[in-house]
Amino acid sequence: MNLNVVVLPMLSLGGLGLLFGAGLAYASKKFEVTVDERMAAVRDALPGANCGGCGFPGCDGFARAVVEGRAPVTGCPVGGSECASALGSIMGIDAGDTVKKVAKVICNGDTARCKEKFEYEGIEDCVAANMVAGGSKSCQYGCLGLGTCVRACPFDAIEIVEGRLARIIPEKCTACGKCVEVCPKAVIDMVPYHQDVVIACNNKEPGKVVRNKCSVGCIACKICVKACPYEAIDFKDNLAFINYEKCTNCFVCVEKCPTKAIEGNFERRNIEKKDVI
Amino acid sequence: MSTIFFILVSSILVNNFVLSRFLGICPFLGVSRQVETATGMGMAVTFVMAMAAFMTKLIYSYILIPLELQYLQTIAFILVIAALVQLVEMIIQKTSPTLYQSLGVYLPLITTNCAVLGLTILNINAEYNLILSVINGVAAAVGFSLAIILFAAIRERIELFNVPEVFKGFPIALITASLMSLAFLGFAGLV
């Protein structure tokens, strides 16, 4: 057997490969690009949900923005303070404490409490329903409960409960803000995770009108504003607003509200009282 | 002179690599969203094709033929193309990070771009000499660039139109490509 048949192809191809390899090795030194190694570290510290809640295209975009100083280390709403401090240590910046927030549907007007204007039989979507005379609910500010936010939520943190009302599961919510964006009624608000007292009404009409439409609406009586011992409740557009920085979750307003439009998480209140005792 | 002209017209218009020979469809569909990236892709492919035509001709004439190893042409050519693509990738990453990012995965994929390998093998089959090989390479790349840039410009326009829901995205792009291919069929009688 002619040995050349085997040796020649091996030598020629091997030689070519070696030649190209050497050339590329030289080129890679010559065209070396220094990538900021912090970027990879920042990228690893992020949750990787690519939800876009930070306003950048995915976690990669946010990581680049952080390294280039265009975004704050606290910019990731999903990772919360844990992620922020990790990014802070990579970037050499003190992140400080960020308050973890969650989304909250500020409406309790289910079909039993809030009257229907008409029967809606269109597409099962809040945006579509909103186009038909503002939806079937007599209150034009309330939750339509057709699940536009449920479909928008990347974390399965929203469910529709009995009586067509969207509810957000705080444990799953990452405050990415997708639901706030898509809600045609703007009835989803961001509240601090540890806030136990929330005004669960979005109706900006005068009290008499609200009373005719919904049994749990804010009737603009201002009792809560007067009752609050910490002056933490503001009043605007026939609606009370809690200033979360002043609020101490004392539940006085919850007890005083005549229409139960202020929602209090009593379970948490009792737990905290037991802790005190 | 007439041969060169013949090759140019043939490779750019009549036997356009994308629209008549259907080679290099992957980058043609993948990087044709914007004229800017399409132009970048066209330039990268032009460089690779010209260099590949030159190198493969040399390797074929001075290594493979004397050693009677013609059967190794495919693997040897792929080796050349892969090395060239690596080189182009490094150069682009160094000189234009934006272009590098927008070309994305399609840049290393020039390696497997059948248009490049197709060109080198067609060159060998047509028995062009070294100069004609390079000219054919450049012409083929210009044809590829022409097709991808025209296509990208059309796709940019289509973005603004009210395309029926079922045709949005790739379906309408494929229909556009087929119509362009039909249009290029009109050059068939030229050469």
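Keep in mind that this is a model prediction, so the values were computed, not measured. Side chains included, hydrogens not; waters and symmetry mates left out as well; all remaining heavy atoms used. In what follows, chains carry the letters A, B, and so on, assigned in the order in which the sequence lines appear, proteins first and then strands, with residues in each chain numbered from 1.
Side chains of A/Phe31 and B/Glu89 form no contact here, defined as non-hydrogen atoms less than 4.5 Å apart. Between A/Leu24 and B/Met90, some side-chain heavy-atom pair lies under the 4.5 Å cut-off.
Environment of OH in B/Tyr71: crowded, with over 12 heavy atoms of neighbouring residues, nucleotides or ligands closer than 6.0 Å. A 6.0 Å sphere centred on CD of A/Glu116 holds more than 12 heavy atoms belonging to other residues, nucleotides or ligands. The neighbour count for B/Ile65 CD1, taken as heavy atoms of other residues, nucleotides or ligands under 6.0 Å away, is above 12. Heavy atoms from other residues, nucleotides or ligands lying under 6.0 Å from CZ of A/Arg167 number more than 12. Counted within 6.0 Å of CD on A/Glu68, heavy atoms from surrounding residues, nucleotides or ligands total more than 12; the atom is thus considered enclosed.
Between atom CG of residue B/Leu87 and atom OH of residue A/Tyr26 there is a gap of 11.5 Å, rounded to the nearest 0.5 Å. A distance of 7.5 Å separates CG in B/Leu64 from CG in A/Leu16, rounded to the nearest 0.5 Å. Between the CG atom of B/Leu72 and the OG atom of A/Ser12 there is a distance of 6.0 Å, given to the nearest 0.5 Å.
With sequence neighbours excluded, the residues that form a side chain to side chain donor-acceptor pair (under 3.5 Å) with A/Thr148 are A/Asp125.
With a threshold of 4.5 angstrom between heavy atoms, B/Ile59 approaches chain A through side-chain atoms but not through N, CA, C or O.
Nearest heavy atom pair, residue B/Leu69 against residue A/Pro9, reads CD2-CG, 3.5 Å.
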